[in-house]
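Following: one structure in structure tokens, then a few remarks.
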Amino acid sequence: MEIKLIAEKALEKSQKAGAEKSLVQVSLTESKEFNIESNKLTLLRTTFDQGVEVRMLKDQRMSSTRGNQYSDEALSGYVQNAYDSTLASPQDPANGFAPSQGKKHFTHGTEPANEDWMYSKLSELLEERSQNFPKLIIDECTIKFVKTQRVLYTSEGTQFSSEQGSYEGYITFTAKEGKKSSSFNYSSFDIPTSAGGSALRLTDVAGFRDLFRQSCEQIETRKVPQKFDGDLIVTPHCLRGLIGAWSSFLSPGPLIKKSSFFYDKLNQNMAASNFTLTSHSLDGPFASRQFWTADGYLAQDEVLFEKGVLKSYLLNHYGAQKLNQPVSKSSATYVKLASGSSSLQDMIGAVKRGVLLARFSAGMPAENGDVSGVAKNSYYIENGKIQYPISETMVSLNLAQMLRNIQSISKESLNSGSWQLPWVHFTGASVS
Amino acid sequence: MNPWNLEAYRGLLNGYTELRAQENRSFSIHFLNGQVTSNTSSTESGISARQFDKGSWGFASHPQISKSSVERVLQEAARNAQFMSRQSKVTSKIAHVKGIKSSIDLSTKKPKMSSSEFMGRLKEYDAYVAQKYPDLASRSLQCYQQDFLKEGINSEEAHTYSHYARSYVVVSMTLNSESGPVQLRHVFGGPGQIEDTLPNMNVFSEGLEGLYGHLKNKAKGVVPDGGVKEVILSSKLAGILAHEAIGHTTEGDIVLGGSVAGDYLNQMVASPLVSLVDFAHTALGEQAPMPVLFDDEGTPAEDTVIIENGILKTYMNNKHTAEHFGQKATGHGRAWGFNDEPLVRMRNTAILPGKSKLDDMIASIDDGYFLLDHSNGQADSTSEFMFGMTMGYEIKKGKLGRALLDSTISGVAFDMLKSVSMVSDEMTWVSSGTCGKKQPMTVGMGGPAVKCKIHVGGK
């Protein structure tokens with residue numbers, strides 16, 4: 001069914017029910033997913049999904065209802081539910097969504113699914129594992145082709161529509177020999193539809209080949225020799241998690257509570273001068289795009305940090321109104337950290353004592369930015385050389401201080417299809 | 001109960017096939033400093049089919065539940081299974097289990113609350129916190145409910161219906177301190193819908209009084225001294241220890257994926273004081289927080305005794321891993337949404353209570369920590385686990401000392417469990433969290449206080 005008609009119908013019902021303003025989103029998704037479990041291709045999934053969201057504003061009261069049915073009866077139910085919840089909500093002048101953004105249609109990744117290619121890529125992955133990494137177990141792996149149509153309509157006149165496709169997936173793996181296992185490791189990947197049918201190997205994406213080799217090395221691990229304060233060389237995979245943690249402190253909740261260490265720090269130096277982090281919604285070396293925000297704003301690429309200066313929060317409409325700051329037009333889903341000028345080899349060579357941190361299995365950061373966690377799939381560094389893989393090693397750091405403690409950034413980087421990141425050398429970690 | 005009348009489609013099932021209709025409902029309301037920052041609800045429903053063919057699986061789902069979509073997903077699942085079996089030449093088998101015919105309904109039997117009545121209760125809670133604790137830097141209150149309605153049949157005669165529900169009110173308080181803002185939270189609620197779980201004001205105020213007392217102490221807290229320490233894990237923490245440290249490591253699919261537990265069956269992996277059970281629906285004579293009578297493979301759910309007096313006895317299995325390991329399928333194949341296939345999941349994982357008294361356990365430690373509450377956690381194939389610690393105290397010469405700031409604790413489960421020297425006679429269940437794997441999942445976690453040696457993050 002034409003999803004624009006569903007959106008028009010839901011919008012009309014919402015306004016007729018008594019909303020002053022309404023925002024409606026409708027989606028239709030088809031996906032095909034091949035799965036590996038324990039080194040065997042075991043499952044093929046075909047799924048069809050639908051989505052409807054009705055957001056309603058009345059007397060500065062707001063709520064939203066989501067569902068996945070398109071029938072007239074279901075749409076009436078969503079509208080009635082949203083209306084009841086809206087009336088029961090307290091008034092807040094900050095409630096709302098984007099003013100009219102006009103009419104726009106977007107397309108990206110329109111090539112159709114190439115199922116034979118997907119299957120062949122997984123077969124190739126299993127063959128490469130068998131030949132080059134026989135100790136490795138691919139615990140789980142999926143490659144999924146996702147094709148989604150979306151529309152967003154508002155009572156203010158915004159009419160967005162999009163068609164987008166991409167290949168996405170993840171690999172979780174462990175190496176095992178005798179009774180010893182490595183820590184499991186994992187990463188996700190995104191591949192543009194234009195690569196379907198190409199000679200690209202999955203192990204060429206996101207540095208998987210190196211991760212596999214490292215897992216095989218990590219069957220034998222040792223503890224660090226003693227507790228110490230030292231340096232971290234954080235790998236791109238691990239850095240993505242840290243960027244997620246920094247992003248959470250840029251989000252509305254901690255900023256409205258004034259508990260974030262970024263509160264009231266816009267346009268101030270918050271990181272080392274070589275730290276430039278950008279968020280790419282519409283343009284970037286990535287497989288997918290985000291054409292609009294959840295509040296109906298036309299998306300934009302944004303600079304979050306420029307040469308260490310905090311340039312943007314990640315505020316939705318509500319947060320922006322509360323803080324009297326601009327709405328963020330991106331969500332830091334697709335991120336890029338500008339590469340530096342150092343070689344990874346030189347960066348490791350500059351570390352007297354530290355850890356090459358490849359995965360950080362950490363607790364939730366405290367509100368002051370303190371966080372500690374276990375160094376997984378990581379290596380001990382001493383006198384400028386990687387010494388051995390480590391286990392039972394805890395790393396403690398402060399997320400705010402860490403940004404100021406950047407010593408260097410590598411010129412090498414990895415691209416997973418949703419992030420492009422280098423290796424980063426930080427000082428000031430406690431290792432025990 | 002059979003709201004979608006799936007029995008009418010039994011004649012369409014070929015080979016080993018599962019057919020499941022499902023509706024997930026949820027709502028969430030979040031107050032921040034007295035204002036509603038989000039008020040959302042969601043309903044997602046659909047039909048799915050899964051078919052097994054010579055060692056391979058095919059799955060298909062569709063959001064409409066109708067005769068034509070049932071026929072469509074059955075055909076697509078069969079086509080997918082056949083494609084995979086032709087290509088991959090995998091020849092594994094699955095356990096055959098006579099399917100159960102059963103139902104469970106955790107929905108409320110009380111009159112449903114209206115939106116305005118419900119919002120009024122939440123405003124009352126929030127106003128109480130604001131008035132009673134004016135020195136808070138910020139407060140938040142979140143209320144959420146999740147309902148899972150499923151009807152399933154399979155070609156081994158199963159026909160099941162379940163309506164699981166859980167609902168919670170989570171209060172978070174933040175105080176400013178010299179070391180920056182400090183936060184703690186308290187969770188009210190459990191299995192059932194809000195009509196059955198919203199706390200009365202006495203329960204609410206008592207819960208918060210304890211929380212605020214700990215928060216005041218935490219505002220003067222210290223960073224733990226990092227390293228391996230002798231600790232008491234409170235009964236609230238024992239559940240996440242059972243779940244992360246042992247539970248995940250002994251899930252059948254994780255064992256197939258290289259977990260070290262694969263080499264320890266029938267071996268001593270813990271102190272004889274430690275017994276660990278994944279309860280199906282009834283634990284120690286009471287309903288478990290996530291009662292599972294049957295799983296999404298139509299298997300009757302039974303308790304799984306994973307560790308008995310320190311010895312690893314079995315894994316948790318779905319039909320595939322049960323056949324592989326030659327163990328019994330006891331109902332661990334669970335799926336989150338209509339468009340998800342069942343995976344090996346825990347239900348209610350708990351360390352069984354012992355005989356020690358908590359006060360004696362604290363008194364027995366000369367220099368260590370009493371760890372009270374946790375945030376997130378993660379397991380590993382090596383059995384090295386971690387979880388966030390949000391509240392704790394020093395123990396000096398058998399007495400509680402200064403409070404601790406947030407930290408992380410970790411250990412290698414099959415080493416750490418051998419260090420367990422005392423187990424208390426209490427039992428506390430936690431059920432508000434969501435376990436993460438390929439899909440999320442509702443689980444219960446429980447246990448007594450445990451004295452052991454564990455790695456504490458710090459400076």
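Throughout, protein chains are lettered first and strands after them, A, B, ... in sequence-line order, and every chain is numbered starting at 1. Remember, it's a predicted structure, so these values are computed and weren't measured experimentally.
- Residue B/S259 touches chain A through its backbone alone, counting heavy-atom pairs closer than 4.5 Å.
- Counting heavy-atom pairs closer than 4.5 Å to chain A, the top-ranked of the candidates B/D263, B/T37, B/L122, B/N176 is B/D263.
- Note that CZ of A/R45 is 6.0 Å distant from CG of B/D340, once rounded to the nearest 0.5 Å.
- In this structure, no portion of B/A81 lies under 4.5 Å from any heavy atom of chain A.
- At distances below 3.5 Å, at least one donor-acceptor pair connects side-chain atoms of B/S381 with backbone N or O atoms of A/F184.
- Within the 4.5 angstrom heavy-atom criterion, only backbone atoms of A/A362 (N, CA, C, O) approach chain B.
- Proximity to chain B is limited to the side chain of A/N81, based on heavy atoms less than 4.5 angstrom apart.
- Minimum interatomic distance between A/Q69 and B/P63 (heavy atoms only, all atoms of both residues): NE2-O, 2.7 Å.
- Proximity to chain B is limited to the side chain of A/Y186, based on heavy atoms less than 4.5 angstrom apart.
- In this structure, A/Y119 and B/F83 have perpendicular ring planes: the angle between them is above 60°, well past the 30° mark.
- With B/N339 as the partner, the side-chain hydrogen bond (donor to acceptor under 3.5 Å, both in side chains) test is satisfied by one option alone out of A/N68, A/T29, A/D49: A/D49.
- Inspection of the A/K322 and B/Q35 side chains reveals an N or O donor paired with an N or O acceptor under 3.5 Å.
- Contact annotation for B/F338: only side-chain heavy atoms (C-beta onward) come within less than 4.5 Å of a heavy atom of chain A.
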Step-by-step side chain to side chain contact (heavy atoms under 4.5 Å, CB included) determination, B/D380 to A/K376 = CA-CA 9 Å; B/D380 200 342; A/K376 299 278 191 180; 2.9 Å; yes

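- Counting heavy-atom pairs under 4.5 Å between each of A/S89, A/G319, A/S430 and chain B puts A/S89 at the top.
- More than 12 heavy atoms of other residues, nucleotides or ligands sit less than 6.0 Å from atom CZ of A/R61.
- Heavy-atom distances place no part of B/V73 under 4.5 Å from chain A, backbone and side chain included.
- The two residues A/S361 and B/Q378 make their nearest non-hydrogen contact at OG-OE1, 2.6 Å.
- Contact count versus chain A (heavy atoms, under 4.5 Å) is highest, among B/H374, B/Q64, B/K438, B/E117, for B/K438.
- The CG atom of A/L44 sits 10.5 Å away from atom OG of B/S85, with the distance rounded to the nearest 0.5 Å.
- Side-chain contact check for B/N80 and A/T46: at least one donor-acceptor pair (N or O, by modelled atom type) lies under 3.5 Å.
- Residue B/N24 does not touch chain A at all, counting heavy-atom pairs closer than 4.5 Å.
- For the residue pair B/S41/A/T65, the side-chain donor-acceptor check at 3.5 Å is satisfied.
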What's the verdict on salt bridge (Lys or Arg N to Asp or Glu O under 4.0 Å) for B/E76 and A/K32, showing C-alpha distance, side-chain angles and the deciding distance?
-> CA-CA 11 Å; B/E76 190 72 16; A/K32 199 88 177 176; 3.1 Å; yes

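- Looking at B/L32, the atoms closer than 4.5 Å to chain A (heavy atoms on both sides) all sit in the side chain, from C-beta outward.
- In terms of heavy-atom pairs under 4.5 angstrom with chain B, the leader among A/F173, A/Y78, A/Y170 is A/Y170.
- Residues of residues 44-51 of chain B that come within less than 4.5 angstrom of chain A, heavy atom to heavy atom, are B/E44, B/S45 in numerical order.
- Note: B/M389 CE to A/M364 CE = 15.0 Å, rounded to the nearest 0.5 Å.
- Distance alone, capped at 3.5 Å, is enough to place a donor-acceptor pair between the A/N368 side chain and the B/S179 backbone.
- In terms of heavy-atom pairs under 4.5 Å with chain A, the best-connected choice from B/G457, B/P181, B/G180 is B/P181.
- What you find for B/V260 and A/S181 is that their closest heavy atoms are CG1-OG, 3.6 Å.
- Between the side chain of B/T408 and the backbone N or O of A/S372 there is at least one donor-acceptor pair closer than 3.5 Å.
- For B/F59, the ring pair (Phe, Tyr, Trp, His ring centres under 6.0 Å) test picks out no residue, with sequence neighbours left out.
- Contact detail for A/S183 and B/E384: the closest heavy-atom pair is OG-OE1, 4.3 Å.
- By number of non-hydrogen pairs under 4.5 angstrom with chain A, the leading residue of B/N376, B/D406, B/V182 is B/N376.
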Audit row: B/T382, A/E392, side chain to side chain contact (heavy atoms under 4.5 Å, CB included) steps and yes/no = CA-CA 11 Å; B/T382 58; A/E392 298 181 66; over 6 Å; no

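- Atom OG of B/S56 is separated from atom NZ of A/K40 by 10.0 Å, given to the nearest 0.5 angstrom.
- When A/L43, A/N35, A/V371 are compared by the number of non-hydrogen pairs under 4.5 Å with chain B, A/L43 comes out ahead.
- Shortest non-hydrogen contact noted between A/S38 and B/L256 is OG-CB, 3.3 Å.
- With respect to chain A, the highest number of heavy-atom pairs below 4.5 Å among B/S42, B/S61, B/S115 belongs to B/S61.
- Taking A/E53, A/K179, A/E140 one by one and counting their heavy-atom pairs under 4.5 Å with chain B, the maximum is reached by A/K179.
- Of all non-hydrogen atoms in A/V374 and B/M386, the two that sit nearest each other are CG2-CB, 3.7 Å.
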Given side chain to side chain contact (heavy atoms under 4.5 Å, CB included), test A/L41 with B/M84 step by step and report yes or no.
-> CA-CA 8 Å; A/L41 266 156; B/M84 293 297 280; 3.9 Å; yes

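- B/T43 has its side chain out of reach of A/R66: every pair of non-hydrogen atoms, C-beta onward, lies at least 4.5 Å apart.
- One finds the CE atom of A/M62 at 9.0 Å from the OG atom of B/S38 (value rounded to the nearest 0.5 Å).
- Between atom CG of residue A/D139 and atom CG of residue B/D253 there is a gap of 7.0 Å, rounded to the nearest 0.5 Å.
- Interface remark: A/E115 contributes side-chain atoms only to the contact with chain B (heavy atom separation under 4.5 Å).
- When the shell of 6.0 Å around NZ of A/K258 is examined, it contains 12 or fewer heavy atoms from other residues, nucleotides or ligands.
- Heavy atoms closer than 4.5 Å to chain B are found in the side chain of A/E37, but not in its backbone.
- Shown are B/N39, B/T40, B/V36; of these, the side-chain contact (heavy atoms from CB on, under 4.5 Å) with A/S85 is made only by B/N39.
- Of all the listed residues (B/R25, B/E341, B/H62, B/R79), the one sharing the greatest number of non-hydrogen pairs under 4.5 Å with chain A is B/E341.
- Contact check for B/T174 versus A/K257: side-chain heavy atoms found under the 4.5 Å cut-off.
- In terms of modelled atom types and a separation under 3.5 Å, the side chain of A/K227 and the main chain of B/G226 share a donor-acceptor contact.
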